[in-house]
Structures are given as structure tokens and as C-alpha cells.
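Notes follow the structure.
Just the heavy atoms: all of them, side chains too, but no hydrogens, waters or symmetry mates, feed the values below.
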Amino acid sequence: MVFDRNLLIGFAAGVVVGLVGYKFVSSHKEQIESKLQGLGVGANSSDGAACEDTSSELTLEDLEAQKERLEDLIAEQQQKQNGAQG
């Protein structure tokens with residue numbers, strides 16, 4: 001198998017970019033996790049189990065606010081669909 005020079009340069013560039021990205025993420029791990037928690041996204045939620053854990057920590061007021069936000073988003077989406085059809 002013959003390796004093209006462009007292929008090797010592209011592979012090396014990909015490795016370098018990957019290493020730089022890994023270094024950036026590992027050095028800013030606390031900031032990233034705090035922003036994810038602020039958005040309500042679990043940093044370690046890969047199978048959805050974290051959602052069950054955080055739902056027990058939410059207050060009734062938080063759940064009501066999320067419900068209202070979802071209802072607003074659903075209403076907006078329905079208006080967009082009705083506007084596109086009519």
C-alpha cells in the first residue's frame with residue numbers, strides 16, 4: 001500500500017489538532033463541567049441514568065418552570081407548522 005504525502009500530512013495534522021483539543025479540554029475541565037451543569041446537562045450522562053438522579057433533586061417549582069417552557073416550545077413549533085401549511 002502506497003501512502004500519499006498528503007495523506008500523511010493530513011494524518012499528522014489531525015493528530016496534532018486532537019492533542020491540542022485534548023489538552024484544552026483537560027485544562028478547562030472544571031469550567032466546562034460548571035457550564036454543563038448550568039445548562040442542566042450531566043457531564044457524565046452517557047446512558048441517561050444521570051437524568052433520573054437529577055430529577056429527584058429538582059424542586060416542584062423547577063419542574064413547573066420546565067413544563068411551561070416545553071409547552072411554549074411546543075406551541076411555537078405548532079404555529080410554525082400551521083403557518084407553513086396555510
Side-chain angles (χ1 to χ4, degrees):
M1 179 177 207
V2 178
F3 288 106
D4 188 21
R5 182 176 178 196
N6 290 333
L7 177 68
L8 294 176
I9 291 172
F11 179 77
V15 169
V16 169
V17 169
L19 289 174
V20 169
Y22 176 78
K23 175 72 175 161
F24 178 80
V25 168
S26 63
S27 66
H28 294 89
K29 186 175 182 177
E30 293 83 20
Q31 293 173 346
I32 293 170
E33 287 178 355
S34 67
K35 288 185 181 184
L36 286 174
Q37 288 176 352
L39 294 172
V41 178
N44 295 326
S45 63
S46 59
D47 60 353
C51 291
E52 294 174 9
D53 295 339
T54 58
S55 65
S56 64
E57 297 172 4
L58 292 174
T59 64
L60 182 60
E61 292 81 18
D62 292 337
L63 292 172
E64 288 289 334
Q66 289 181 5
K67 177 184 169 187
E68 291 175 9
R69 181 175 174 267
L70 287 173
E71 288 173 346
D72 291 343
L73 290 173
I74 290 170
E76 287 178 18
Q77 188 68 24
Q78 287 175 342
Q79 286 179 347
K80 287 180 185 178
Q81 289 178 351
N82 290 340
Q85 292 175 357

Under 3.5 Å, sequence neighbours excluded: what are the donor-acceptor pairs made by side chains of residues 11-26?
residue	atom	partner	partner atom	Å
S26	OG	Y22	O	3.0
S26	OG	K23	O	3.0

For the [atom1] atom of [X] and the [atom2] atom of [Y], what is their distance to the nearest 0.5 Å?
X   : Y   : atom1 : atom2 : result
E68 : Q66 : CD    : CD    : 11.0 Å
K35 : H28 : NZ    : NE2   : 9.0 Å
I9  : R5  : CD1   : CZ    : 4.5 Å

- Test E64 against K67 for side chain to side chain contact (heavy atoms under 4.5 Å, CB included), laying out the working first. CA-CA 5 Å; E64 288 289 334; K67 177 184 169 187; 4.3 Å; yes
- Report the C-alpha separation of I32 and L36 in whole Å, then their side-chain angles, then the decisive distance to 0.1 Å, and conclude whether the side chain to side chain contact (heavy atoms under 4.5 Å, CB included) test is met. CA-CA 6 Å; I32 293 170; L36 286 174; 4.1 Å; yes
